[in-house]
Amino acid sequence: MVIKQFAKTSLGFFPTPEVELTRLSHFLGGPKIFIKRDDLTGLALGGNKTRKLEYILADALQQGCDTVITAGAAQSNHCRQTAAAAAMLNLQCHLLLGGESPATCQGNLLLDKMFDSHIHWTGDNRKGEDIQRITAQLKASGRKPYLVPYGGSNELGAMSFINAVGELKPQQQADEYSHLVFASCSGGTHAGLILGKEIHHKTFDLLGINIDKENVASGELSQTIVRLVNNTAKSIGLNYSFSDPQLILNSDYVGAGYGVVSERDKEAIALMAKYEGVLLDPVYTGRAMAGLIDLIRIGKLTKNDKVLFWHTGGAPSLFAYSEDLGFS
Ligand SMILES: *Cc1c(COP(=O)(O)O)cnc(C)c1O
């Protein structure tokens with residue numbers, strides 16, 4: 001199958017490792033669990049946004065932009081990786097962060113500042129609601145800004161996860177993973193994995209764990225994922241159509257909302273650290289792993305399954321969550 005290729009700029013180290021979590025599997029008494037280490041992409045402490053930014057920032061360079069602007073929460077991993085990539089590529093970086101400037105500067109926010117990004121605090125808005133206004137100001141001051149979407153989730157971002165599926169170690173058909181489990185939030189990772197599964201003829205179920213409560217009532221995330229799959233397929237010249245009933249997005253673990261650490265999240269983070277020496281994060285991967293563990297406990301994933309947990313990164317925010325994790 002010939003699919004259209006897009007420009008890419010190298011920002012990390014790929015393929016990322018894929019290894020088995022034998023001690024955690026044994027403790028849970030459930031399926032074999034493997035992990036795809038996108039926390040080790042190598043860009044400023046890693047994460048899934050590195051893949052997306054390789055395509056998105058290649059587009060910014062092609063358009064001759066000298067500035068990038070994006071948005072997220074105060075502890076956004078997406079913003080931190082964007083700021084690091086902008087530093088590498090000699091682009092000025094503007095970040096719109098939700099909330100107010102905190103008393104102590106920790107985790108991703110500390111790194112944003114180290115990468116010399118310009119931070120704009122936006123109160124209740126953490127998804128780029130003010131981005132047009134600040135983009136206009138930048139233009140008026142003579143800069144050529146490039147707008148990186150929330151979470152890097154547009155067609156270019158989704159595209160990067162097609163290759164990510166191609167990185168998976170070849171398995172015998174009978175020995176293929178039964179499920180891929182991962183955190184889903186702005187939709188680009190999920191959409192790209194859906195296309196990657198199609199293009200690379202994989203048979204696993206793609207089990208996205210929704211981590212943001214705001215997405216549940218609105219149904220916005222499902223719509224975004226379906227739209228992104230179909231638009232990305234079109235832009236790469238793939239004859240494929242995807243609809244809502246094919247989507248698996250589990251919203252059972254959103255708890256009290258985005259970034260509010262639950263007991264389940266804490267347990268998942270602790271078990272991974274204790275049994276595997278692997279750091280999960282308090283917002284995304286801790287919650288996705290909490291979902292995976294619960295699905296084993298309630299019998300939805302069994303000993304006959306073989307599960308790949310896609311580690312999408314985020315560990316730098318642990319440093320900003322020590323109290324919520326019960327360590328101070
Ligand atoms: C952004 C992010 C996700 C979610 O990926 P989306 O493509 O936004 O759905 C998951 N985990 C971490 C650590 C992230 O930073």
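Just follow the structure's listing: the first ligand is 1, and inside any ligand the first atom is 1. Only this structure's heavy atoms are used, side chains among them; waters, hydrogens and symmetry mates stay out.
- No side-chain donor from either of R37 and T16 sits under 3.5 Å from a side-chain acceptor of the other.
- Checked for salt-bridge contact, K127 and E214 meet the test: a charged N lies under 4.0 Å from a carboxylate O.
- A donor-acceptor pair shorter than 3.5 Å cannot be found between the side chains of N48 and T312.
- Take S76 and apply the side chain to side chain contact (heavy atoms under 4.5 Å, CB included) test, not counting sequence neighbours, and it matches H78, C79.
- Residues satisfying the side chain to side chain donor-acceptor pair (under 3.5 Å) criterion with D130, sequence neighbours excluded, are N125.
- Here S10 pairs with E54 under the side chain to side chain contact (heavy atoms under 4.5 Å, CB included) rule; sequence neighbours left out.
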Which pairs of N or O atoms, one from ligand 1 and one from the protein, are separated by less than 3.5 Å, and what is the distance for each pair?
from: ligand 1; atom 1: 5 (O); to: N48; atom 2: ND2; distance (Å): 3.1
from: ligand 1; atom 1: 5 (O); to: T189; atom 2: OG1; distance (Å): 3.4
from: ligand 1; atom 1: 7 (O); to: K52; atom 2: NZ; distance (Å): 2.6
from: ligand 1; atom 1: 7 (O); to: T189; atom 2: N; distance (Å): 2.9
from: ligand 1; atom 1: 7 (O); to: T189; atom 2: OG1; distance (Å): 2.7
from: ligand 1; atom 1: 8 (O); to: S186; atom 2: N; distance (Å): 2.9
from: ligand 1; atom 1: 8 (O); to: S186; atom 2: OG; distance (Å): 2.5
from: ligand 1; atom 1: 9 (O); to: C185; atom 2: N; distance (Å): 2.7
from: ligand 1; atom 1: 9 (O); to: S186; atom 2: N; distance (Å): 3.0
from: ligand 1; atom 1: 9 (O); to: G187; atom 2: N; distance (Å): 3.1
from: ligand 1; atom 1: 11 (N); to: T312; atom 2: OG1; distance (Å): 2.6
from: ligand 1; atom 1: 15 (O); to: K49; atom 2: NZ; distance (Å): 2.9
from: ligand 1; atom 1: 15 (O); to: N77; atom 2: ND2; distance (Å): 3.0

